[in-house]
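Remarks on the structure that follows.
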Amino acid sequence: RNGSIMERSHIALHKWLLAFRLMASSKKGCSAHQLHRSLGMTYKSAWFMAHRIREAMRDDNPVPLGGTDKFVEADETYVGGKARNRAYKAPAPKKPVVSLVERGGKVRSRHVREVTAANLRPILVAEIDKASHLRTDESGVYWTVGEKFATHKTVNHSEKEYVRGDASTNSAENFFSIFKRGIYGVYQHVSEDHLHRYLAEFDFRYSNRVKLGIDD
């Protein structure tokens with residue numbers, strides 16, 4: 001256990017291993033309540049365990065996505081509650097998330113305070129190989145930084161254009177659909193303080209899927 005996420009934990013080792021299995025193989029996630037019921041432990045212990053596992057899913061030494069002749073899609077989405085789900089309260093502020101998806105490869109997601117060119121530029125420059133072909137929507141936040149890559153093409157979603165030749169953000173949209181089904185269907189609410197951990201969890205499962213030769 002020493003040096004691992006299980007260090008100084010009183011939870012039995014076999015329960016940790018079962019939790020690894022449940023969280024890694026559940027496409028849309030596995031809630032702390034589900035771990036609590038399945039593993040026969042308190043909800044508090046299950047919540048603690050789940051967050052430690054998410055930390056272990058985080059890539060500590062990421063290499064840039066893409067490369068020569070490879071395509072990387074960049075897109076943003078928002079996570080947050082809706083007014084109709086909150087009795088007598090204003091809707092919670094939506095939290096922006098930007099994801100970089102290598103077509104046929106891995107994904108890397110980051111929570112940003114605000115979707116601006118200044119906030120997204122350092123993420124794209126650090127996380128994407130400059131030899132890659134960048135594909136985005138028509139948002140102006142990508143225009144300047146797009147010049148740093150082999151090519152940069154966009155699709156105009158406001159005109160209902162979703163594919164034009166090799167230009168599209170469909171891979172990123174596919175990842176967002178899985179992510180949001182998990183957030184709203186399984187976890188229901190995610191605080192901003194822990195959002196980066198949930199992103200690490202969904203990135204891990206997408207980047208370690210059957211299509212890439214890694215099964216449950």
Side-chain angles (χ1 to χ4, degrees), residues 1-62 77-87 89 91-102 104-111 171-216:
R1 291 169 179 260
N2 289 345
S4 76
I5 61 169
M6 299 175 286
E7 186 170 350
R8 299 181 66 186
S9 168
H10 297 293
I11 298 171
L13 183 62
H14 73 279
K15 292 190 176 183
W16 275 102
L17 299 179
L18 284 168
F20 293 163
R21 164 74 179 189
L22 289 169
M23 291 191 66
S25 62
S26 303
K27 189 171 184 178
K28 301 179 185 70
C30 184
S31 69
H33 272 295
Q34 184 63 47
L35 292 175
H36 150 66
R37 290 189 295 267
S38 299
L39 303 181
M41 60 173 62
T42 65
Y43 171 73
K44 182 178 179 180
S45 294
W47 187 90
F48 158 85
M49 172 190 280
H51 276 308
R52 281 209 172 184
I53 293 173
R54 290 183 186 105
E55 277 295 312
M57 289 173 160
R58 185 163 52 85
D59 190 351
D60 284 334
N61 297 293
T77 190
Y78 294 83
V79 179
K82 298 179 179 178
R84 67 172 180 267
N85 297 329
R86 297 167 61 86
K89 296 180 183 178
K94 288 186 175 290
K95 299 172 277 289
V97 169
V98 60
S99 289
L100 313 175
V101 183
E102 180 184 309
K106 299 183 176 183
V107 63
R108 198 161 297 152
S109 303
R110 298 286 183 266
H111 167 46
S171 297
E173 296 290 348
N174 177 59
F175 171 73
F176 288 149
S177 70
I178 298 170
F179 172 61
K180 288 193 172 183
R181 283 192 183 101
I183 294 298
Y184 297 132
V186 176
Y187 298 122
Q188 299 180 33
H189 171 73
V190 173
S191 75
E192 189 165 11
D193 289 342
H194 298 296
L195 178 57
H196 66 287
R197 294 192 176 98
Y198 288 93
L199 290 172
E201 175 189 352
F202 282 88
D203 283 359
F204 176 86
R205 277 196 297 268
Y206 187 91
S207 300
N208 294 278
R209 61 192 188 277
V210 172
K211 188 175 181 180
L212 298 182
I214 304 169
D215 62 17
D216 290 347

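- Annotation: Arg21, atom CZ; neighbour count of heavy atoms from other residues, nucleotides and ligands within 6.0 Å does not exceed 12.
- With sequence neighbours left out, Ser109 forms a side chain to side chain donor-acceptor pair (under 3.5 Å) with Ser99, Asp203.
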Please set out all donor-acceptor pairs under 3.5 angstrom arising from side-chain atoms of residues 55-62, sequence neighbours excluded.
{"residue": "Glu55", "atom": "OE1", "partner": "Arg58", "partner atom": "NE", "Å": "3.3"}
{"residue": "Glu55", "atom": "OE1", "partner": "Arg58", "partner atom": "NH2", "Å": "2.8"}
{"residue": "Glu55", "atom": "OE2", "partner": "Arg197", "partner atom": "NE", "Å": "2.9"}
{"residue": "Arg58", "atom": "NH1", "partner": "Asp60", "partner atom": "OD1", "Å": "3.2"}
{"residue": "Asp59", "atom": "OD1", "partner": "Asn61", "partner atom": "N", "Å": "3.2"}

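- Here the shortest heavy-atom pairing between Arg1 and Ser4 reads O-OG, 2.6 Å.
- Taking CZ from Arg8 and NE2 from His10, the interatomic distance works out to 8.5 Å, rounded to the nearest 0.5 Å.
- Considering only residues two or more places apart in sequence or on other chains, Gln34 meets the side-chain contact (heavy atoms from CB on, under 4.5 Å) condition with Cys30, Ser31, Arg37, Ser38.
- Between Leu35 and Leu22 there is a side-chain heavy-atom pair separated by less than 4.5 Å.
- Scanning for side chain to side chain donor-acceptor pair (under 3.5 Å) contacts around Thr42 gives Ser45, with sequence neighbours left out.
- With sequence neighbours excluded, no residue forms a side chain to side chain donor-acceptor pair (under 3.5 Å) with Ser25.
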Would you give me the side-chain donor-acceptor pairs under 3.5 Å for residues 11-20, sequence neighbours excluded?
{"residue": "Lys15", "atom": "NZ", "partner": "Leu39", "partner atom": "O", "Å": "3.0"}
{"residue": "Lys15", "atom": "NZ", "partner": "Gly40", "partner atom": "O", "Å": "3.3"}
{"residue": "Trp16", "atom": "NE1", "partner": "Ser9", "partner atom": "OG", "Å": "3.2"}

Problem - Tyr43/His33 under side chain to side chain contact (heavy atoms under 4.5 Å, CB included): CA gap, chis, key distance, verdict - result: CA-CA 6 Å; Tyr43 171 73; His33 272 295; 3.7 Å; yes

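- Put simply, the side chain of Ser26 never gets that close to the backbone of Met23: no donor and acceptor are under 3.5 Å apart.
- Among residue pairs with one or both ends in residues 193-216, those qualifying as ring pair (Phe, Tyr, Trp, His ring centres under 6.0 Å) are Trp47-His194, His51-His194, His51-Tyr198, Phe175-Tyr206, Phe179-Phe202, Tyr187-Tyr198; sequence neighbours excluded.
- Under the side-chain contact (heavy atoms from CB on, under 4.5 Å) criterion, Lys180 pairs with Thr77, Tyr184, sequence neighbours left out.
- Nearest heavy-atom pair, Leu195 versus Val190, reported as atom, atom and distance to 0.1 Å: CA-CG1, 3.8 Å.
- Judged purely by atom type and a 3.5 angstrom limit, His111 uses its side chain to pair as donor or acceptor with the backbone of Pro96.
- In this structure, NZ on Lys28 lies 8.0 Å from CD1 on Ile178, to the nearest 0.5 angstrom.
- Minimum heavy-atom separation, Arg205 to Lys27: NE-O, 3.4 Å.
- Residues forming a side chain to side chain donor-acceptor pair (under 3.5 Å) with Ser207 (at least two apart in sequence, or on another chain): none.
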Practice task
Could you please spell out the steps behind the side chain to side chain contact (heavy atoms under 4.5 Å, CB included) verdict for Val107 and Leu100?
Solution key: CA-CA 6 Å; Val107 63; Leu100 313 175; over 6 Å; no

Practice task
Take Val101 and Arg108 through the side chain to side chain contact (heavy atoms under 4.5 Å, CB included) test and state the conclusion after the steps.
Solution key: CA-CA 7 Å; Val101 183; Arg108 198 161 297 152; over 6 Å; no

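- Listed by chain and residue number, Glu201 satisfy the salt bridge (charged side-chain N to carboxylate O under 4.0 Å, His left out) test with Arg54 (two or more places apart in sequence, or in another chain).
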